[in-house]
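Below is one structure, written out as structure tokens; the observations come after it.
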Amino acid sequence: DFSRWYEWLRIRQVFFYAGWTLFGGLGWLMQSQGMAIVLNKFFPPLHYKAVNASYAIGGTVANYTQTLSSALMNAFLPEITAAEGRGDRANVIHQMLRVARFSFFLTILFAIPLIFETSFVLKLWLNTPPDHAVLFCRTFLVVFMVTRLMAGFDTAICATGRIMWYQIVMGGLLISSVPVACLILWLHGGLFGICGLLIGLAVVQLVGGACFARHLLGCPVRQWGLEVLYPCSMATFGAILLSYGNQQLMTLLPIPFWCRSLFVIVFSGFVTAILGWYWLVRPSERAKLLDQGGSILRKIGINLCARSER
């Protein structure tokens with residue numbers, strides 16, 4: 001329909017939406033790349049090679065852990081957008097909170113074991129990792145865990161079309177991290193100050209996302225707290241306590257370092273999976289997942305039997 005090409009009001013709205021989306025994307029780019037530039041400025045690679053390498057390695061490890069959760073979120077995006085287009089705001093909120101729970105579950109399934117045995121994993125991967133790689137890896141993993149608590153919020157809010165102030169605030173927070181990082185390093189806050197800034201920024205964004213979801217979507221902060229924040233916190237704290245206790249117990253046993261680390265990773269992943277299954281997956285969702293898993297296994301069994309008969 002070429003007549004829409006000349007609807008200047010519609011064209012203006014599209015460019016308005018694209019412009020503010022671009023601003024939010026530039027904020028994310030400014031935060032990720034600007035922080036690297038600041039570290040290069042205060043820690044020149046010629047004299048502090050480990051700092052820049054550690055920052056890059058931390059970001060790479062965090063990106064690997066988000067593969068599954070990002071794939072899950074992409075599967076929910078069309079449903080959230082379609083529900084908003086139909087005017088079904090209740091379903092939008094329901095799907096948005098489900099995305100947050102499931103995405104957080106898949107994240108901690110890998111993040112918590114990695115946090116406890118970061119040094120061992122980096123030695124397996126790099127043989128001789130940089131000095132500050134463990135610090136940055138753990139920081140990025142914690143940051144990613146915090147941001148997963150509002151997974152789906154951005155899609156749901158953008159689906160409403162009212163994104164100007166949302167992008168200004170959230171993008172502005174990301175951009176402001178660069179001058180704040182400069183100030184921290186100028187005041188000799190060091191790398192721990194930068195890591196604290198990254199985690200603090202993620203928490204502020206989490207609060208801001210919850211407030212915008214309440215204002216633009218009508219999702220009460222209490223509902224998000226009860227359905228997402230509380231169960232995610234319980235699963236995380238439980239997994240951390242049990243994993244830490246197991247790690248301390250394993251240090252008392254006369255076994256090789258690599259054997260102890262592998263057992264800690266497996267135990268931490270198992271405990272995290274059990275607690276996440278109990279706290280983050282509702283009974284109706286468990287029944288549906290088990291039913292679908294059973295049907296898949298039956299199909300696989302039928303195919304294997306058919307091949308064996310041939």
Side-chain angles (χ1 to χ4, degrees), residues 21 24-25 27-28 31-32 59 61-84 89-112 114-115 139-160 163 166-167 169-171 173-174 198-237 239 272-273 275-277 279-282 285 289:
T21 303
W28 176 84
Q31 190 266 339
S32 60
V61 171
N63 288 334
Y64 285 151
T65 61
Q66 71 176 345
T67 303
L68 277 179
S69 62
S70 297
L72 173 73
M73 191 168 67
N74 290 335
F76 276 89
L77 297 187
E79 175 61 26
I80 294 175
T81 305
E84 178 63 27
R89 184 61 58 81
N91 191 32
V92 171
I93 295 174
H94 173 68
Q95 298 296 339
M96 180 182 70
L97 299 180
R98 286 183 69 194
V99 171
R101 283 188 290 110
F102 291 162
S103 182
F104 187 84
F105 182 18
L106 292 177
T107 299
I108 62 173
L109 198 59
F110 297 95
I112 292 180
L114 282 175
I115 287 173
T139 299
F140 278 112
L141 288 172
V142 172
V143 168
F144 190 63
M145 287 168 59
V146 174
T147 57
R148 291 299 88 187
L149 290 170
M150 60 176 185
F153 281 37
D154 185 74
T155 301
I157 291 172
C158 289
T160 65
I163 63 171
Y166 172 73
Q167 297 291 4
V169 173
M170 304 301 277
L173 283 172
L174 292 173
L198 293 174
I199 296 174
L201 178 65
V203 173
V204 172
Q205 283 189 297
L206 178 65
V207 174
C211 293
F212 273 106
R214 178 182 179 276
H215 176 69
L216 297 176
L217 298 171
C219 176
V221 177
R222 176 181 173 83
Q223 181 181 359
W224 168 75
L226 291 176
E227 295 188 20
V228 178
L229 184 60
Y230 174 70
C232 290
S233 300
M234 295 301 293
T236 303
F237 290 147
T272 304
L275 292 174
W277 179 260
W279 282 103
L280 303 179
V281 183
R282 294 177 176 176
E285 295 167 343
L289 288 173

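Keep in mind that this is a model prediction, so the values were computed, not measured. Worth knowing before you read on, the calculation uses all heavy atoms, side chains too, and leaves out hydrogens, waters and symmetry mates.
- For the pair F104/V228, no side-chain contact is recorded, criterion being any heavy-atom separation below 4.5 Å from C-beta on.
- What you find for I112 and A239 is that their closest heavy atoms are CD1-CB, 3.8 Å.
- Inter-residue side-chain proximity for Q95 and E84 is flagged as unmet; no heavy-atom pair is nearer than 4.5 Å.
- Shortest non-hydrogen contact noted between V92 and A156 is CG1-CB, 3.9 Å.
- Dense packing is recorded around CZ of R89, with more than 12 heavy atoms of other residues, nucleotides or ligands lying under 6.0 Å away.
- Formation of a donor-acceptor pair under 3.5 Å by the R148 side chain with backbone atoms of S103 is not found in this model.
- Minimum interatomic distance between A202 and T147 (heavy atoms only, all atoms of both residues): CB-CG2, 4.3 Å.
- Note: L201 CG to L174 CG = 5.5 Å, rounded to the nearest 0.5 Å.
- The pair R98-E79 does not meet the salt-bridge criterion, since no charged nitrogen lies less than 4.0 angstrom from a carboxylate oxygen.
- Taking every heavy atom of both residues into account, Q167 and C158 meet most closely at NE2-SG, 4.0 Å.
- Note: T272 OG1 to I108 CD1 = 6.0 Å, rounded to the nearest 0.5 Å.
- Two residues are said to be in side-chain contact when any heavy atoms from C-beta on lie closer than 4.5 Å; F144 and T107 meet this criterion.
- With a 4.5 Å cut-off on side-chain heavy atoms, F102 and V281 count as touching.
- Among all heavy-atom pairs drawn from A83 and N91, the shortest one is CB-ND2, 3.7 Å.
- A distance of 4.5 Å separates CD of Q223 from SG of C219, quoted to the nearest 0.5 Å.
- When all heavy atoms are compared, the tightest approach of L280 to R101 is O-NH1, 2.6 Å.
- With hydrogens and angles disregarded, a donor-acceptor distance shorter than 3.5 Å links the side chain of T160 to the backbone of I157.
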Next item on the list: Give the C-alpha distance, both sets of side-chain angles, the deciding distance and a yes or no for side-chain contact (heavy atoms from CB on, under 4.5 Å) between L198 and Q31.
Entry: CA-CA 10 Å; L198 293 174; Q31 190 266 339; 3.2 Å; yes
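- Rounded to the nearest 0.5 angstrom, Q205 CD and D154 CG are separated by 10.0 Å.
- Taken to the nearest 0.5 Å, the SG atom of C211 stands 11.0 Å off from the CG atom of L216.
- Annotation: W279 is in aromatic contact with Y230 [ring centroid separation under 6.0 Å].
- Heavy atoms from other residues, nucleotides or ligands lying under 6.0 Å from CH2 of W277 number more than 12.
- Checking side-chain atoms of T81 against main-chain N and O of P78 turns up no donor-acceptor pair under 3.5 Å.
- Atom CG of residue L149 and atom OG of residue S233 lie 7.0 Å apart, to the nearest 0.5 angstrom.
- Considering only heavy atoms from C-beta on, W224 stays 4.5 Å or farther from I93 through its side chain.
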